[in-house]
Amino acid sequence: YTINGEYLIVVNAKCTLTLNSNTNTKIKIKSLSEVSVVSDKGKIDNKWESISLDGDSCVELVFIKDLSCWVVTSSDGLKES
C-alpha cells in the first residue's frame with residue numbers, strides 16, 4: 001500500500017507500506033502485525049532501505065525536503081532491516 005495523505009495508518013495484516021513524499025510530509029504508523037516500511041525517496045534516516053515493525057509497534061516519520069529523505073522522529077519497537 002502507498003500512503004496517500006493519511007495522518008495515521010493502523011495496519012492489522014502483514015504488508016509493505018510505501019511512503020509518499022508527494023502527498024505526505026508526516027505519517028504515524030501503528031502496526032498490529034508485521035509491517036515493512038519503504039521510502040519513496042532516498043533511504044530512511046539516510047541509512048535504511050526499509051524498516052520493519054513488529055506487531056504492537058508505532059513509528060512516526062517526517063519527510064525532510066532539504067535531505068530528500070524520510071526521518072524517524074519517534075518510534076517504539078523499530079528494528080533495523
Visitor: Identify whether Phe63 and Val38 are in the same connected component of the hydrophobic contact network (ILVMFWY, side-chain heavy atoms under 4.5 Å).
Guide: no
Visitor: List the atom of Ser39, the atom of Gly42, and the distance in Å for their closest heavy-atom pair.
Guide: OG-O, 3.1 Å
Visitor: What's the separation between atom OG in Ser75 and atom CD1 in Ile51, rounded to the nearest 0.5 Å?
Guide: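 Reported to 0.5 Å precision, the distance equals 8.0 Å.
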Visitor: Measure the CG-CG distance between Asn24 and Leu61 for me, rounded to the nearest 0.5 Å.
Guide: 10.5 Å
Visitor: Please report the interatomic distance CD1(Ile29) to SG(Cys58), rounded to the nearest 0.5 Å.
Guide: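 Rounded to the nearest 0.5 Å, the CD1-SG separation comes to 8.5 Å.
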Visitor: Could you tell me which residues satisfy side-chain hydrogen bond (donor to acceptor under 3.5 Å, both in side chains) with Asn20, sequence neighbours excluded, listed by chain and number?
Guide: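 With neighbours one apart ignored, the set is Thr23.
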Visitor: Which value, rounded to the nearest 0.5 Å, describes the distance between Lys41 atom NZ and Leu19 atom CG?
Guide: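 Lys41 NZ to Leu19 CG: 12.0 Å, rounded to 0.5 Å.
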Visitor: Show which side-chain atoms of residues 10-18 pair as donor or acceptor with protein atoms under 3.5 Å away, not counting sequence neighbours.
Guide:
none

Visitor: Return each pair, listed once, that meets salt bridge (charged side-chain N to carboxylate O under 4.0 Å, His left out) where at least one residue sits in residues 1-10; pairs must be two or more places apart or across chains.
Guide: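 Sorted result for residues 1-10: empty, none.
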Visitor: Restricting to pairs with a member in residues 26-35, which pass side chain to side chain donor-acceptor pair (under 3.5 Å), not counting sequence neighbours?
Guide: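 Matches after skipping sequence neighbours: Tyr7-Lys28.
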Visitor: Indicate yes or no: at least one non-hydrogen side-chain atom of Thr25 is less than 4.5 angstrom from one of Val62.
Guide: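 No, too far: nothing below the 4.5 Å cut-off.
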Visitor: With hydrophobic residues grouped by side-chain heavy-atom distances under 4.5 Å, do Leu8 and Leu32 end up in a single group?
Guide: yes
Visitor: Could you list the donor-acceptor pairs under 3.5 angstrom formed by side chains in residues 64-74, with sequence neighbours left out?
Guide:
residue : atom : partner : partner atom : Å
Trp70   : NE1  : Asp40   : OD1          : 3.0
Thr73   : OG1  : Glu60   : O            : 3.4
Thr73   : OG1  : Glu60   : OE1          : 2.7

